[in-house]
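Read the structure below first, then the notes.
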Amino acid sequence: MSQPHRRTVVVLAAGEGKRMKSALPKVLHPLLGRTLLGHVLAAAGPLRADRTVVVVGHGADQVRAHLAEVAPDATAVLQAEQLGTGHAVRIALDAVPEATGTVVVINGDVPLLRTETVDALVAAHEGEGAAATVLAAEVPDPTGLGRIVRDTAGRLEQIVEERDASPAQQALREINAGIYAFDLARLRAALGKLSTDNDQGEEYLTDVFGLLVSAGEPVGVHVAADHVETLGCNDRVELAGLRRLLRDRVNEAWMRTGVTILDPATTWIDVTATVERDAVLDQNTQLRGATVVGAEAVVGPDVTLIDTVVGPAATVLRSHATGAEVGAGASVGPYAYLRPAARLAEKAKVGTFVEVKNSEVGPGAKVPHLSYVGDATIGAKANIGAATIFVNYDGVNKHRTVVGDGAFVGCDTNLIAPVEVGAGAYVAAGSALSQNVPPGALGVTRAPQRNIEGWVLRNRPGTVSARAAEQARTAGEDASGGPASASEGEAIHGGAETV
Ligand code: UD1
Ligand code: CA
C-alpha cells in the first residue's frame, strides 16, 4: 500500500462534446497555447495534488497521448460509456482506492479557470470542514447549466439540472460551474447512493449535494468573483468567445508589466509566450508556443512568431517565423520567412522576400532582398546580394555553404553547396558558384558579355524598341556625328550594393 493521499484532482474529460461537431475530442481543441484540458490541468497544477486522475472516454487514445505529453504524471482512467458525471467520478476514485483527504473535481472544458480560484475554493472547503463545496457563479445567461438552489436561509439545498428544474428554479441565475471540492470519504459514500432517476437517465455528480444535505452533512457554496472564469465550452462559437476573453486577459497582463500593445483586439499571445518590458507589439501580431520577445523589440504589424526568440531591440515586420532566433538589434522583414534553426546574430538583417532555414546569419550580416538561405553559415558583416540562392539540395542530400566574414556576394548568384566563399572574398553578380573562392579573391562564373549591334532594328522592326533604338541612333549621330558604341571589356562588378 502506498502513502495516503492528501489531495487528489479529478478532471472529467470523457464526454464527446457533440456540439463541437469535430473529429477531435472537445477537450483537445486548442486555445492560445494549450488545449482546453491543458488549461484545466495548468490551473490545478499548483494544488500539488498527490494524484491527478483524468477520466477519458471519447477519443481516449488521443487524449491519453496528449496527457503523456503535457501531464505525464496524470493517470488516465477509461470511462467506456458516458453514464454521467457521477459515474465518471466513481470510476476515477476506484482507480485511487488509497486516496483520502480532499478531492477537487473539475469539468475538462472550463479553460479560463484560474489557479487562485481553485485555491480559494479548496481553502474555503477545507477551512469549513465541509463534506462538499461547489464553485458557483452569478451569470447573465444561465441557459443549459445546473442551478444552485438555496433555502430561505441561503444555505445550499440542492443542484438541479436545467432540464429537471421547475420554472422557478430555471429563473435562478446562480449556476454550478462544474468545479467542486469534496471530502473524499464522504464523497465515496454518497456516490454509491446516486440514482439515474432524471431526464437523461444518468448518474449526476450534482445529486451528491442533495444527498449530503439530507444526511445533515455540511456543504458549502463558494461564489467565483468573476463568472467569466467558469464559462464552459460546448461549441465552436463559445470556443471563439473564450479565445477572445483569454486574449484580453493575457494582453492586459502583459501591458501591466510594461509591454506596449498597439491593438489588443488583433494581438494574440499564447499563454506560453513571454514578452519583455518596453517591447512594442503592433497590430495583427501572433506570438505562439515558446516565443520570447525581448525588451524594446518591435514586432508587427502582421507578424506570426512560433517558438521563436526575438532579442532585445530587434524589429520584425510583416513576417512569419517558426523555431527561429533573432539576435539583439537585428532586423527582419517586411515579408521574411524564418524557418527552424534560422539564427540571426545581433544586428543582422534579413529583408524582403527572404527565406532562411537552418542557417546562421552573422553579426551585422545582411541578406536584404529576394533570397533563399538554406543550410548556410554567413560570417560577420557579409553582404548577400539580391536574389542569391543557397543551393543546398542535390535531390538526395542537403549540403552546407559557408560565407566568410566581410564577404560580398553579388546579385543573382547561386551558391551550389557544398561551397565556401572565403573571408573578404567577392562573388560577381550572376555567378553560379560550385568551387570555393579563396579569401580576398573574386569568384566569377558568368560568360563574357557580347553585344550584337543593330539586332533590334533587323529582328524586331516596327516595335516600340525598334522605334526607340532608331531615335537613339539618330540622336547619337546628331550629337557626335557617329553611332554610339558599347565599350569593350566592361568591368565586372558585384552589383549587390543596395540601400
Ligand atoms: C455539468 C453539470 C452542471 C453544470 C455544468 C457546468 C452535471 C450533472 N451537471 O453539466 O450542473 O452547470 O456541468 O459546465 O454534472 N463527462 C464525463 N463522463 C460522463 C459525462 C460527462 O467525463 O459520463 C465530462 C464531460 O466530458 C465534461 C464534464 O464531464 O467535461 C461535464 O459534462 P457535460 O455533459 O458537459 O455536463 P453539463 O451538462 O454541461
Ligand atoms: Ca458542459
Side-chain angles (χ1 to χ4, degrees), residues 9-20 22 24-29 35-41 43-44 53-60 62-64 67 76-93 95 105-113 132 134-139 141-149 156 158-165 169-170 172-180 182 187 190-191 194-211 221 224 227-235 238-239 242:
V9 168
V10 173
V11 179
L12 304 185
E16 180 181 7
K18 272 198 195 73
R19 284 173 284 163
M20 295 295 282
S22 177
L24 192 66
K26 174 166 87 176
V27 294
L28 296 191
H29 276 258
T35 60
L36 300 183
L37 178 58
H39 281 289
V40 168
L41 290 168
V53 181
V54 179
V55 182
V56 300
H58 274 278
Q62 277 168 283
V63 179
R64 274 205 176 95
L67 280 174
V77 171
L78 182 70
Q79 186 194 25
E81 266 187 291
Q82 282 67 61
L83 303 176
T85 47
H87 179 255
V89 172
R90 196 146 59 73
I91 287 186
L93 297 187
V105 177
I106 311 180
N107 282 0
D109 64 350
V110 283
L112 301 191
L113 180 65
V134 57
L135 184 70
E138 283 274 355
V139 297
D141 177 13
T143 306
L145 295 165
R147 309 293 205 279
I148 303 290
V149 180
L156 178 70
Q158 57 170 327
I159 300 173
V160 186
E161 292 310 294
E162 180 169 84
R163 56 211 306 167
D164 303 305
Q169 289 168 336
Q170 284 188 10
L172 298 168
R173 288 193 303 118
E174 191 180 23
I175 60 88
N176 164 25
I179 299 148
Y180 323 82
F182 296 99
L187 173 60
L191 284 172
L194 287 181
S195 82
T196 54
D197 181 18
N198 53 54
D199 187 63
Q200 295 191 89
E202 290 183 353
E203 287 181 39
Y204 286 168
L205 177 61
T206 44
D207 285 348
V208 162
F209 285 83
L211 288 168
V221 181
H227 80 87
V228 159
E229 281 188 53
T230 69
L231 291 174
C233 176
N234 294 301
D235 61 31
E238 288 180 1
L239 181 60
L242 295 178

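Just so you know, ligand 1 is whichever comes first in the structure, and atom 1 is the first atom listed for that ligand.
Closest heavy-atom approach to atom 18 (N) of ligand 1 among the candidates E161, R147, Q79: Q79. For atom 27 (C) of ligand 1, the nearest non-hydrogen atom from the set L12, V10, L36, T230 belongs to L12.
Below 3.5 Å of separation, one finds an N or O of G108 facing an N or O of ligand 1. For the pair V55 and ligand 1, the shortest N or O to N or O distance does not fall below 3.5 Å. Taking distance alone, with nitrogen or oxygen atoms compared against 3.5 Å, T85 approaches ligand 1 more closely than that limit.
Separating the CD1 atom in I175 from the OG1 atom in T143 is a distance of 11.5 Å, to the nearest 0.5 Å. Summarising the geometry, atom NE2 belonging to H29 is positioned 10.5 Å from atom OG1 belonging to T35; distances are rounded to the nearest 0.5 Å. Here the CG atom belonging to L231 is positioned 8.0 Å from the CD atom belonging to E238, to the nearest 0.5 angstrom.
The closest approach between G57 and ligand 1 stays at or above 4.0 Å for every heavy atom of the residue. For G15, the closest heavy-atom approach to ligand 1 falls below 4.0 Å. Contact annotation: T206 has at least one heavy atom less than 4.0 Å from an atom of ligand 1.
For the salt bridge (charged side-chain N to carboxylate O under 4.0 Å, His left out) condition, the pairs that include at least one residue of residues 200-211, sequence neighbours left out, are R90-E203.
Taking every non-hydrogen atom of A177 and a distance limit under 4.0 Å, the qualifying atoms of ligand 1 come out as 6 (C). Residue-ligand proximity, A13 to ligand 1, at heavy-atom distances under 4.0 Å covers atoms 22 (O), 26 (O). Shown in contact with Y204 at under 4.0 Å from a heavy atom are these atoms of ligand 1, numbered in order with element: 8 (C). Here is the list of ligand 1 atoms found below 4.0 Å of a heavy atom in A14: 17 (C), 18 (N), 22 (O), 26 (O).
At a heavy-atom distance under 4.0 Å, only side-chain atoms of A88, from C-beta outward, approach ligand 1. When non-hydrogen atoms are compared, ligand 1 lies under 4.0 Å from neither the backbone nor the side chain of V27.
The salt bridge (Lys or Arg N to Asp or Glu O under 4.0 Å) test applied to D141 returns no partner, not counting sequence neighbours.
Side-chain atoms of V27 and V56, non-hydrogen and from C-beta on, never get closer than 4.5 Å to each other.
Between L205 and the choices V105, V134, N176, L194, the side chain to side chain contact (heavy atoms under 4.5 Å, CB included) rule is met once, by V105.
Enclosure of atom CG in D199 by more than 12 non-hydrogen atoms of other residues, nucleotides or ligands within 6.0 angstrom is indicated.
Between K26 and E16 there is no salt bridge, since none of the side-chain N atoms of the basic residue sits less than 4.0 Å from a carboxylate O of the acidic one.
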